[in-house]
Amino acid sequence: MDKIEIAGGASLNGEVAISGAKNAALPVMAASILSSGESHISNVPCLRDISTMGKLLAHLGMGFHQENGCVILNSDNITSIEAPYDFVRTMRASVLVLGPLIARTGRAKVSLPGGCAIGARPVNLHIMGLEKMGVQITLSEGYIEARASRLRGATVYFDIPTVTGTENLMMAASLADGMTVLENAACEPEVVDLADALVSMGADIKGAGTGIIRINGVSSLRPLDYRIIPDRIETGTYLAAAAVTRGKVKITNCRPEHAEAVISKMEQAGVKITRSDDTLTAEGPDRPAAVDIKTMPYPGFPTDMQAQFMAMAAVAGGTSIITENIFENRFMHVAEMKRMGADIKIEGSTATVKGVKALKGAPVMATDLRASASLIIAGLAAQGKTVVDRVYHLDRGYERIEEKLKALGADIRRIRG
Ligand code: EPZ
């Protein structure tokens, strides 16, 4: 298992280009199932999750290859309708093939994802919505078995705005008979990107980005030729890295309007931020100020930035209250940060973080994708050496992070394990 070693204290300066958004590329890749032909998706990051999705689509009979940030998929022949447990347990986003498979073939057999480090993460809302659209679903031996002679439009209300639930149903509804209305739908930019991709295939979708999305089913769709949006969470991660190293970092190829909540909280923490359409320049303060955050569905503060923000709070001047409202177990990074000297108390879904003057480098372990990013940020700020183990979590969602940080002046290297 690879590790990443950081000697903390360097101030980050220079430019970093943001890669395509993993959480937009994954549903857009799944959308290619909806039509036959060859799809081209560009600005796709080179990540483990992307290759896992590619392998899953190949398992379904599709052609897949990725070169120079472009994914090419051929969906002429779907020869299997099964997404086996082995794929789904390594990447929950595999569940995104459920809606497209039913819409394309009338059948799907997709392993239930099971829980993960950050929470139970059920898919009951995906299933509820598909059943409203006329899909017969049985759960047996850990699999979702779905069958539908014809999908019909329906009005679906989500108790919770689920990102991949909204995406699964938007894809299924694109080829259903009649109108589907998704209410209390997720508004994330990645949902909008998928809607834009589906419209480029010929789908009729209105309202993506709001809580009510209307999809008027069409009889067929054409292959994709689409460019993925930049990754707003990678953007926030580099903002946090600048914030804790008194650095001056210009972040290019980004979409500031997708990161307003994070930008606002960074400015409250004393980070000086200037922006253009596709760049953000962040100047870190001598010491971040303490700031309270509550994670919420978009456009609220993203849960995927909670751990990275906690690394900032750990060295802030004052006490920050961080409330995690989306997942029930997304504080796995806290124990590791406390090994570095952080002063954090957890009570239920709230962490009270009393900033310390300096963290101390230590050997720590990554537990999930964003926790691993937060430990890298803590290592950049710490005195001494930090070694982050199990960085395969990191490789799922961050393209060449140690190269990008090294280019900004970080003393960081990967130890091949
Ligand atoms: C997506 O996960 C993202 N993944 C996650 O990013 C992100 O943290 C999450 O949305 C929230 O923004 C992808 O897009 C591939 P949800 P998703 O369904 O869709 C509950 C990362 O780090 N829920 O929006 O699985 C659920 O338990 C990953 O890149 C149900 O109860 O999240 C959670 O509490 C981590 N029943 C809440 O809704 C359901 O059927 C939001 O989950 C579905 C969800």
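Start at 1 and go down the list; that is how both ligands and their atoms are numbered.
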Practice item. Give yes or no for whether the N/O distance cutoff of 3.5 Å, strictly under, is met between Asp304 and ligand 1. Key: yes
Point to revise | Selected option - heavy-atom contact closest to atom 16 (P) of ligand 1, from Ile160, Val163, Thr295, Asn168 | key: Val163
Review point. When rounded to the nearest 0.5 angstrom, what distance separates CD in Glu38 from CG in Asp76?
Key: 8.5 Å
Review point. Which of the numbered atoms in ligand 1 are below 4.0 angstrom from a heavy atom of Thr303?
Key: 8 (O), 11 (C), 12 (O)
Practice item. Below 4.0 angstrom from a heavy atom of Ile326, which ligand 1 atoms are there? Numbered from 1 as shown, please. Key: 33 (C), 34 (O), 41 (C)
Exercise for review: Looking only at non-hydrogen atoms, find the nearest pair between Leu139 and Ile137 and report the distance.
Suggested key: CD2-CG2, 4.2 Å
Check your understanding: Between Leu182 and Met170, what is the shortest heavy-atom contact and its length?
Key -> CD1-N, 4.1 Å
Check your understanding: Backbone or side chain, does any N or O of Lys22 fall under 3.5 Å from an N or O of ligand 1?
Key -> yes
Check your understanding: What protein heavy atom sits nearest atom 19 (O) of ligand 1, and how far off is it?
Key -> Thr164 OG1, 2.6 Å
Point to revise | Between Thr138 and Glu145, a side-chain donor and acceptor under 3.5 Å | key: no
Review point. Do Asp193 and Arg255 meet the salt-bridge criterion of a basic N to acidic O distance under 4.0 Å?
Key: no
Point to revise | atom 18 (O) of ligand 1 - nearest protein heavy atom and its distance | key: Thr162 OG1, 2.7 Å
Revision key, fill the gap. Contact region, Arg121 to ligand 1, non-hydrogen atoms below 4.0 Å, reads both
Revision key, fill the gap. When distances are taken from atom 36 (N) of ligand 1, the protein heavy atom at minimum range is Asn124 OD1, 2.7 Å
Review point. Atom CZ of Arg370 and atom CD1 of Ile118: how far apart are they, to the nearest 0.5 Å?
Key: 9.5 Å
**Study point:** Contact check: Asn23 vs ligand 1, nitrogen or oxygen atoms, below 3.5 angstrom
**Key:** yes
**Study point:** Nearest-0.5 Å distance that lies between atom OG in Ser51 and atom CG in Leu56
**Key:** 11.5 Å
Point to revise | Thr252 and Glu15 side chains, donor-acceptor separation under 3.5 Å | key: no
Review point. Given that the side chain starts at C-beta and the backbone is N, CA, C, O, which of these parts of Leu369 lies under 4.0 Å from ligand 1, counting heavy atoms, or is it both or neither?
Key: side chain
Point to revise | Val123 neighbourhood, listing ligand 1 atoms whose heavy-atom distance to it stays under 4.0 Å | key: 39 (C), 40 (O)
Check your understanding: Measuring from Thr155:OG1 to Met179:CE, what's the distance to the nearest 0.5 Å?
Key -> 9.5 Å
Revision key, fill the gap. Rounded to the nearest 0.5 angstrom, the CD-NE2 distance for Glu260 and His258 is 9.5 Å
Practice item. From the options Pro27, Pro122, Gly119, select the one whose nearest heavy atom is closest to atom 27 (O) of ligand 1. Key: Pro122
Point to revise | For the student: nearest non-hydrogen atoms of Lys132 and Ala154, plus distance | key: O-CB, 3.4 Å
Exercise for review: Decide whether an N or O pair under 3.5 Å exists between Phe327 and ligand 1.
Suggested key: no
Check your understanding: Are His126 and ligand 1 in contact, using a heavy-atom cut-off of under 4.0 Å?
Key -> yes
Point to revise | For the student: nearest non-hydrogen atoms of Ala83 and Val88, plus distance | key: O-CG2, 3.8 Å
**Study point:** Atoms of ligand 1, numbered as shown, that sit under 4.0 Å from any heavy atom of Arg370
**Key:** 21 (C), 22 (O), 29 (O)
**Study point:** Any Glu167 heavy atom less than 4.0 Å from ligand 1
**Key:** no
**Study point:** For ligand 1, the portion of Arg330 having any non-hydrogen atom under 4.0 Å away
**Key:** side chain
Review point. For ligand 1, which atoms sit closer than 4.0 Å to a heavy atom of Leu125?
Key: 36 (N), 39 (C), 40 (O)
